Amino acid sequence: MFAEVDVFISNYTLVDPEVYQLWIEGYSSTEAVTLLKQKDNLMAGIPLDLITSDVLDHYRTYSLLERLLHTPPKLSEQPTFQLEPQSRSLLIEKYYSLDDSVARELFGKKFNARNRKDLDEVAEKTGVRLKSCRRQFDNVKRIFKAVEEMPGNTATNIKQLFILSDELAQKYAAVVFIACLRFETTKRKLQYLNFKDFYECSQAIMTNWTYTYQHAGPEYYDTEMDKEFLLDLREIRYLLDKEKEIKCLVTIRLKPTMLDRTYQEMDASFRSYWRSIITIATSLHRTREMRQLFLELTERLIEPWKLNNWPRDQVAQFMQCLTQAVLDLEVPRDNQDIRCLWDRYMQVVTICLLKMYHN
């Protein structure tokens, strides 16, 4: 008599962080072996074929895991690979890592097959390997499709669906927001701006100019602009007639602290700067003008300030004084909303100008 015995052998899947990082960065197994030999003195006495076999084994495992990484929650549900929680987190966070330089190049692009084929240009420009660029492009496309029509906070949605850290989820949320609103980011005049600049600007806009500013609940989107607020901003035209009063308040406050040459230039060009800030505000309700926001700020304000060598701290002082001057202004009772509109508008514009102003 022979007894039938079912045997089940299990073992935790080992994740080597160093080898996994090389796989993430798009190195082939051969290149990975060479780099490991060069970097790690501990491998000096280990036969090359043993190192090669180990790296190949890891690479095969990561390739099999990749399909599951497209839907991160499946990693904890599937029985094939036994992974410790720490290993799962490492796999997901590294796989969805996003290089700032690559993310900057993805701004303004549609996430389609044609642009995926053109990633060799992105790889050449950023110095990031093509395979890694494709991974990042596919991840952005996957996340964008998953959350673009989901109500609620975009970063929270990304974090829950893809089990990412707060920091990484926020980065993807910025990319999704820029793509949803189709902001102009590709013009030559904007090429000096990096990912962190756009990240900070998008965070400010999402926080202050979308429906989630005054509304709570899962039905509100932080990728949808608050149309009522943008329409109400047209009332700020009222402030054009208050130019002399505002200029007087601003110059009194800035004269003791501003450099003489900057003060003289500000005094002479105040009308241009003042009208530019008001004009941008009153046109944001039009979709096209909203998309051109970064370009408008650059052409109307940043370029003149740079031309006249304004230091960044003087830009900050000017914007702070300008904001406060309007808040201190006496306005009729039927125009009290002006202060709230102005403050909400200037919070974003100030952040954007300071992030975009590179000395």
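Just so we're clear, the structure is a prediction, and the values are computed from it rather than from any experiment.
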**Request:** Begin from the C-alpha positions of Phe294 and Phe198 and carry the test ring pair (Phe, Tyr, Trp, His ring centres under 6.0 Å) through to its verdict.
**Result:** CA-CA 9 Å; Phe294 301 128; Phe198 284 117; 5.2 Å; yes
**Prompt:** Can Glu265 and Trp310 be said to form a side chain to side chain donor-acceptor pair (under 3.5 Å), step by step?
**Reply:** CA-CA 9 Å; Glu265 198 282 323; Trp310 278 41; 2.8 Å; yes
**Prompt:** Should the ring pair Phe183 and Phe177 be called parallel, tilted or perpendicular, given that the plane angle runs from 0 to 90° and is split at 30 and 60?
**Reply:** tilted
**Request:** Report yes if the distance between the aromatic ring centroids of His58 and Tyr20 is under 6.0 Å, otherwise no.
**Result:** no
**Request:** Look at the rings of Phe229 and Trp209 and say which category their plane angle falls in: under 30° parallel, 30 to 60° tilted, over 60° perpendicular.
**Result:** tilted
**Request:** Look at the rings of Trp342 and Tyr345 and say which category their plane angle falls in: under 30° parallel, 30 to 60° tilted, over 60° perpendicular.
**Result:** tilted
**Message:** Please tell me whether Glu25 and Gln21 have a donor and an acceptor in their side chains that are separated by less than 3.5 angstrom.
**Reply:** yes
**Message:** Tell me whether the rings of Phe270 and Phe318 are parallel (<30°), tilted (30 to 60°) or perpendicular (>60°).
**Reply:** perpendicular
Please output the side-chain donor-acceptor pairs of residues 67-76 that fall under 3.5 Å, not counting sequence neighbours, one pair per line with the distance.
residue	atom	partner	partner atom	Å
His70	NE2	Tyr95	OH	3.3
His70	NE2	Arg142	NH2	3.3
Ser76	OG	Pro73	O	3.0

**Prompt:** Does Asp260 CG have over 12 foreign heavy atoms under 6.0 Å away?
**Reply:** no
**Request:** Dump the intermediate steps for side-chain contact (heavy atoms from CB on, under 4.5 Å) on Asp232 and Asp337, then the final yes or no.
**Result:** CA-CA 9 Å; Asp232 289 344; Asp337 288 346; over 6 Å; no
**Item:** Face-on cation placement of Lys306 at Tyr192 ring, 6.0 Å and 45° thresholds
**Value:** yes
**Message:** Looking only at side-chain N and O atoms, does Asp222 offer a donor or acceptor that is under 3.5 Å from a partner on Thr154?
**Reply:** yes
**Asked** Would Gln136 and Ser132 count as having a side-chain donor-acceptor pair, cut-off 3.5 Å?
**Response** yes
